[in-house]
Amino acid sequence: MTDTLLQASSLHTYYGVSHILHGVDFSARKGETVGLMGRNGMGKTTLLKTMLGLVRPREGQVRVRGEDMTQAATHAIARRGIAYVPEGRGIFPNLSVRENLVMAARAGVDGHREWDFDRVIDTFPRLGERLSNGGAQLSGGEQQMLTIGRALMTNPDLLILDEATEGLAPLIAREIWSIIKTIRASGIATVIVDKNYAAVMALADRSVVLVKGRVAFAGASSELSENQELMHRFLGV
Amino acid sequence: MDFAFFLIQLLNGLQYGLLLFLVASGLTLVFGIMGIINLAHGSFYMVGAYLAWSLSSLTGSLAAAILLAIPLTVILGMALERLLFRHLYQRDHLYQVLLTYGLILVFEELRSIIWGDDVHGVVVPALLNASIPLTDNLSYPVYRLAISGVCLLLAAGLYFLIQKTRLGMMIRAGASNRDMVQSLGIDIKLIYTLVFALGIALAAFAGMINAPLSSVFPNMGSQVLIICFVVVVIGGIGSVKGAMAASLMIGLGETFGQVLMPDFAGMIVYVLMAIVLVWRPEGLFGRA
């Protein structure tokens with residue numbers, strides 16, 4: 001039970017009158033990589049935001065490390081070892097690169113501190129060259145590295161990446177993927193949302209596919225990637 | 001105008017400007033970070049002045065009165081944020097204006113009930129009740145210099161807090177993306193409460209230390225409020241640096257204006273604001 005970091009059960013989330021999530025189940029265990037896939041508007045980001053307490057579900061439950069946190073504040077959920085790299089990055093443009101990282105620094109659950117400023121800069125040498133630049137002066141790829149680096153500064157046990165390679169040049173996207181692999185290898189569990197399904201399934205132990213706010217597939221990634229018919233039906237590829 | 005006279009006007013202008021900064025910095029922080037237009041900000045200046053008067057007559061010492069009053073205003077600020085202002089962050093400015101205008105009326109009524117409608121004077125502390133002679137017949141009061149010194153120290157402290165500390169980084173980050181700050185495990189609500197209480201305490205503190213110079217009277221907050229909004233507009237919403245520049249501009253402009261062209265002195269501040277609005281609508285240090 002304590003092996004499960006994040007668990008959502010039968011979530012129903014609404015935006016106003018639109019019913020977005022229809023009883024979604026989702027979980028991520030320690031050290032595991034989960035791919036979350038689905039076409040645009042199928043509820044992926046809403047699911048992530050609901051689990052993080054940024055949006056409240058009308059029904060269902062969110063448990064973090066076995067504890068019910070359905071109504072908990074977002075910062076309390078994050079403090080239990082969950083870091084979020086949102087779609088569109090969410091850097092603080094009015095803070096310098098150094099400040100973006102330093103403001104987030106924190107020990108993880110049980111006080112572990114594998115990630116600090118120096119290690120983040122070692123991992124992202126490009127950021128080291130731009131420490132005093134404002135967040136808004138960075139290229140798209142650098143902003144993405146900053147957001148991931150900032151998330152690592154909180155020493156998470158689970159890193160949620162929403163469209164981390166969206167809008168990036170192929171070469172930069174490849175660099176981000178290799179960083180995600182490094183993070184995964186360091187033992188941090190990851191939830192990856194990305195349009196590059198092949199790359200997601202190559203990394204993910206398990207995959208979950210959302211179709212119109214319902215879980216259409218949940219199982220081993222290989223089971224999905226080897227089934228052309230499912231791939232076509234759920235993801236249109 | 002001889003040099004001693006000029007020096008006196010300069011010091012007066014700086015002192016007035018620095019005092020304005022104390023009040024306006026809280027207004028601009030709350031406006032820039034939480035998006036709240038707080039018309040009642042001037043009322044806290046008044047509350048500070050009345051607390052200084054009543055507690056100093058009680059204790060016989062302005063210093064003791066200030067030490068007692070500061071925690072009271074911090075508590076008042078935190079309570080108001082939790083009970084009222086917190087619910088207005090996501091609302092339209094119209095609601096904020098309505099609520100905070102209502103608060104002005106409530107504060108004036110409470111002031112009338114608790115302290116009455118009379119004008120009061122506060123005695124300058126004996127330790128600072130002296131003058132520095134400049135020429136045979138001109139001298140400068142030590143108390144005004146002391147006020148300027150304290151304001152400068154607080155301004156430096158505020159700059160350090162906002163620009164150099166992690167709390168300051170979190171505050172600035174909260175101004176740009178509230179959800180993201182929370183997602184990093186930071187309790188943004190607590191930070192907002194602290195910033196709000198800090199702004200209130202600064203305004204009240206300005207009212208306390210200025211009480212011996214300005215005297216204490218009903219509605220004293222509304223004058224200050226209007227000038228402080230001018231400061232915020234000229235300096236740029238949310239910019240503490242801008243608030244400092246604009247406060248000094250206005251302090252010096254008004255002081256020298258009264259000496260050099262007394263007929264137009266009352267206008268100078270608003271002419272300055274109009275020029276800045278035409279030239280840089282986002283304010284001197286504002287983000288476009």
Side-chain angles (χ1 to χ4, degrees), chain A residues 45 48-49 51-55 64 72-109 117 132 134-136 143 146-162, chain B residues 25 28-35 81-82 86-87 89-91 158-195 235-243 282-288:
Chain A
T45 298
L48 298 182
K49 287 193 167 175
M51 293 192 292
L52 286 158
L54 290 166
V55 176
V64 182
T74 298
H75 73 92
I77 294 173
R79 285 202 162 253
R80 306 193 125 249
I82 296 172
Y84 179 40
V85 173
E87 196 178 3
R89 295 164 200 146
I91 57 154
F92 304 120
N94 53 337
L95 269 62
S96 71
V97 169
R98 180 192 296 275
E99 289 174 334
N100 262 281
L101 293 173
V102 168
M103 63 88 65
R106 161 158 61 82
V109 175
F117 185 77
S132 49
Q143 290 191 15
L146 180 57
T147 318
I148 296 173
R150 188 181 59 187
L152 291 171
M153 291 291 286
T154 68
N155 283 293
D157 298 310
L158 172 65
L159 182 65
I160 297 175
L161 298 146
D162 194 358
Chain B
S25 58
T28 204
L29 274 179
V30 169
F31 199 170
I33 290 165
M34 286 100 107
E81 198 273 344
R82 297 241 152 155
R86 169 167 294 187
H87 305 287
Y89 294 146
Q90 318 290 349
R91 295 281 192 95
L158 198 59
Y159 177 82
F160 183 79
L161 173 74
I162 304 280
Q163 294 299 328
K164 303 291 174 194
T165 65
R166 281 190 62 203
L167 180 61
M169 294 172 201
M170 292 173 193
I171 291 171
R172 282 181 286 141
S176 93
N177 191 337
R178 187 189 151 102
D179 279 353
M180 195 60 235
V181 172
Q182 296 186 82
S183 302
L184 291 167
I186 295 161
D187 187 352
I188 192 79
K189 284 185 177 174
L190 179 65
I191 288 181
Y192 279 12
T193 307
L194 293 175
V195 170
I237 292 169
S239 168
V240 175
K241 223 188 288 175
E282 70 277 11
L284 293 177
F285 291 85
R287 271 170 266 126

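Order of the sequence lines sets the chain letters (A, B, ...), proteins ahead of strands, with each chain counted from 1. Side chains included, hydrogens not; waters and symmetry mates left out as well; all remaining heavy atoms used.
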Task: Donor-acceptor pair, side chain of A/N94 and main chain of B/R172, under 3.5 angstrom - done: yes

TODO: Please name the pair of heavy atoms, one in A/P93 and one in B/S176, separated by the smallest distance, quoted to 0.1 Å.
DONE: CD-OG, 3.7 Å

Task: Residue, of B/M170, B/R166, B/Q182, B/K189, that accumulates the most heavy atom pairs under 4.5 Å with chain A - done: B/R166

TODO: Quick one: which of B/I186, B/V181, B/I188 has the most heavy-atom pairs under 4.5 Å with chain A, could you say?
DONE: B/I186

- [ ] Look at A/A105, A/P86, A/A73 and state which one has the largest set of heavy-atom pairs under 4.5 Å with chain B.
- [x] A/A105

Open item on the list: So which residue, A/R106, A/M153, A/K49, ends up with the most heavy-atom pairs under 4.5 Å with chain B?
Closed with: A/R106

Open item on the list: Would you compute the distance between atom CG of A/L54 and atom OG of B/S183 and round it to the nearest 0.5 angstrom?
Closed with: 4.5 Å

TODO: Could you grab the distance from atom CG of A/L95 to atom CG of B/N177, nearest 0.5 Å is fine?
DONE: 11.5 Å

Task: Contact origin within A/I77 toward chain B - heavy atom pairs under 4.5 Å - done: neither

TODO: Evaluate the side-chain proximity of B/M180 to A/R150: yes if any heavy-atom separation is below 4.5 Å, no if none is.
DONE: yes

TODO: Rounded to the nearest 0.5 Å, what's the gap from CE on A/M103 to OG1 on B/T165? Could you check?
DONE: 11.0 Å

Task: B/L184 side, atom CG; A/R79 side, atom CZ - distance, nearest 0.5 Å - done: 10.5 Å

